[in-house]
Amino acid sequence: MRINHRLRWAAFPLAATLVIVLSGCTQAQLNGYLPGFEEGQPAVTNQTERVSGLWTTSWIVLLIVGILTWGLTLWAIVVYRRRKGQTGLPVQLRYNMPIEIFYTIVPLILVVGFFAFTARDQVALETRFDSPDVTIEVQAKQWAWDFNYVDEDVYSAGVQAQADPDGEPGAIVDSELPVLVLPVNKKVEFKLESRDVIHSFWVIDFLYKKDVVPGKTNYMSVIPERIGTYAGKCAELCGEYHSMMLFNTEVVSQADYDTYIASLRAAGNTGQLDNNYDRNQNQPGTEAPTAQEGK
């Protein structure tokens, strides 16, 4: 009874300390130090908080399991250590049914729980909009990006990132990177296509990426919710200059988006960059040349 009473009194300062520590956390800390979170600002997209929630909750659960495991290990080392003057082996036990049931049930609960929450969030992330406001076809290529604004029938052709001769080693000329422009608070659907090898479309602050596979169209749906410029890159090793396959994503107001589309049209970038520019012409569903035609 005395032990329980002491534990009860010890729990109060521990709980108060935990509340104080958590209340002083920044947005980045509360979201597992993931990118894309700023104090007093909305999330970058409608899905970033879902991703960060799964991430931080998983780490909290795993940390609790780790502390419990380390604590039991250290407790066994200290309590059951060999004392001075003791010889031989301690009493050996063949089994302990309660402990064996515990070590079977708890990992099973963890595995099922992680699977269930991951599947739930994956379904939400992968669900396509019934009627997107904006459809953009992303064409990945070694080593840059082309963007077709499907609804507006204009395009933006990207070139590979270039080294900055006046910058530090590894610096690039940021003004020459391909730019993907998105209107804020609009349902955007990306159609992901590859012109050559497997790439991966990744806007870092969106906390989600999607493989771009030759001969297969993948889709990604998102609602940008904060105006700003966000770095993007290829997240799949795709050849010699993979590290230079970069782009910027600009989330802008609807008026600025309309102005950007008008500038592409004024520059003559009308129509769509189609698969005539693909390097792979023998993918399933395409007309590969016959042996006779190749002579």
Side-chain angles (χ1 to χ4, degrees), residues 26-28 30-58 117-140 145-156 158 177-193 199-212 216-235 246-264 272:
T26 64
Q27 281 294 319
L30 290 173
N31 288 281
Y33 292 95
L34 293 175
F37 292 95
E38 294 182 7
E39 199 69 33
Q41 296 293 325
V44 177
T45 76
N46 62 317
Q47 300 289 13
T48 48
E49 288 186 333
R50 178 183 298 277
V51 176
S52 69
L54 181 64
W55 171 265
T56 53
T57 303
S58 299
F117 286 109
T118 301
R120 179 202 64 182
D121 290 344
Q122 183 174 345
V123 168
L125 291 167
E126 292 292 327
T127 299
R128 295 172 58 186
F129 298 127
D130 293 331
S131 54
D133 300 313
V134 178
T135 301
I136 298 176
E137 183 180 60
V138 177
Q139 293 278 0
W145 306 84
D146 295 337
F147 303 115
N148 284 325
Y149 297 84
V150 177
D151 304 313
E152 292 81 7
D153 196 35
V154 295
Y155 68 87
S156 171
L177 291 180
V179 178
L180 171 63
V181 179
L182 306 175
V184 70
N185 294 325
K186 297 294 183 179
K187 294 184 288 186
V188 180
E189 179 175 83
F190 297 106
K191 295 174 61 178
L192 306 176
E193 309 275 1
H199 301 278
S200 185
F201 178 75
W202 184 26
V203 182
I204 299 171
D205 287 355
F206 286 11
L207 302 185
Y208 197 63
K209 56 188 176 184
K210 200 71 174 285
D211 281 351
V212 190
K216 174 181 171 58
T217 302
N218 282 335
Y219 295 90
M220 180 175 168
S221 300
V222 69
I223 301 176
E225 295 184 340
R226 192 207 305 167
I227 291 176
T229 300
Y230 308 102
K233 61 176 65 178
C234 176
L246 309 172
F247 66 97
N248 282 328
T249 298
E250 294 184 2
V251 179
V252 299
S253 66
Q254 182 64 51
D256 288 340
Y257 178 75
D258 293 337
T259 300
Y260 176 73
I261 295 299
S263 71
L264 291 179
Q272 303 286 274

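Here the structure is a predicted model, which means the values were calculated and not measured. Numbering starts at 1 and runs along the sequence shown.
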key: Euclidean distance, E137 CD relative to D146 CG, rounded to 0.5 Å   = 9.5 Å
task = Give, for atom CG of N148 and atom NZ of K191, the distance between the pair rounded to the nearest 0.5 Å.
result = 9.0 Å
query = Of the non-hydrogen atoms in V188 and P224, which two are nearest, and what is the gap between them?
reply = CG2-CD, 3.9 Å
task = Evaluate the ring planes of Y230 and F206, with Trp represented by its six-membered ring, and classify them as parallel (under 30°), tilted (30 to 60°) or perpendicular (over 60°).
result = tilted
ask   = For F201, which of D211, N218, L180 qualifies under side chain to side chain contact (heavy atoms under 4.5 Å, CB included)?
value = L180
request  = Could you tell me whether the side chain of V51 reaches within less than 4.5 Å of the side chain of L125, counting heavy atoms only?
outcome  = yes
ask   = To the nearest 0.5 Å, what is the distance between CG (L177) and OG1 (T249)?
value = 10.5 Å
inquiry  = Restricting to non-hydrogen atoms, name the atom on D121 and the atom on L54 that form the minimum distance, rounded to 0.1 Å.
reply    = OD2-CB, 3.5 Å
query = Considering only heavy atoms from C-beta outward, does the side chain of V251 approach that of R226 to under 4.5 Å?
reply = no
request  = Grab the two heavy atoms, one from A140 and one from W145, that are nearest each other, plus how far apart they are.
outcome  = CB-CZ3, 3.6 Å
request  = Compare all side-chain heavy atoms of P183 with those of D133 and state whether any distance is below 4.5 angstrom.
outcome  = no
task = State, to 0.1 Å, how close P132 and E189 come at their nearest heavy-atom pair, and which atoms those are.
result = CB-CB, 3.9 Å
inquiry  = If I take atom CG from residue D153 and atom CD1 from residue I261, how far apart are they, to the nearest 0.5 angstrom?
reply    = 10.5 Å
inquiry  = Does F129 have more than 12 heavy atoms from other residues, nucleotides or ligands lying within 6.0 Å of its CZ?
reply    = yes
ask   = Looking at CZ of R50 and CZ of R120, how far apart are the two atoms once the value is rounded to the nearest 0.5 Å?
value = 6.0 Å
request  = For residues A124 and Q47, report the shortest heavy-atom separation together with the two atoms involved.
outcome  = O-NE2, 3.4 Å
task = Compare every heavy atom of Y149 with every heavy atom of Q272, then report the nearest pair and how far apart it is.
result = NE2-O, 3.6 Å
request  = Working to the nearest 0.5 Å, report the span between NZ of K186 and CD of Q254.
outcome  = 5.0 Å
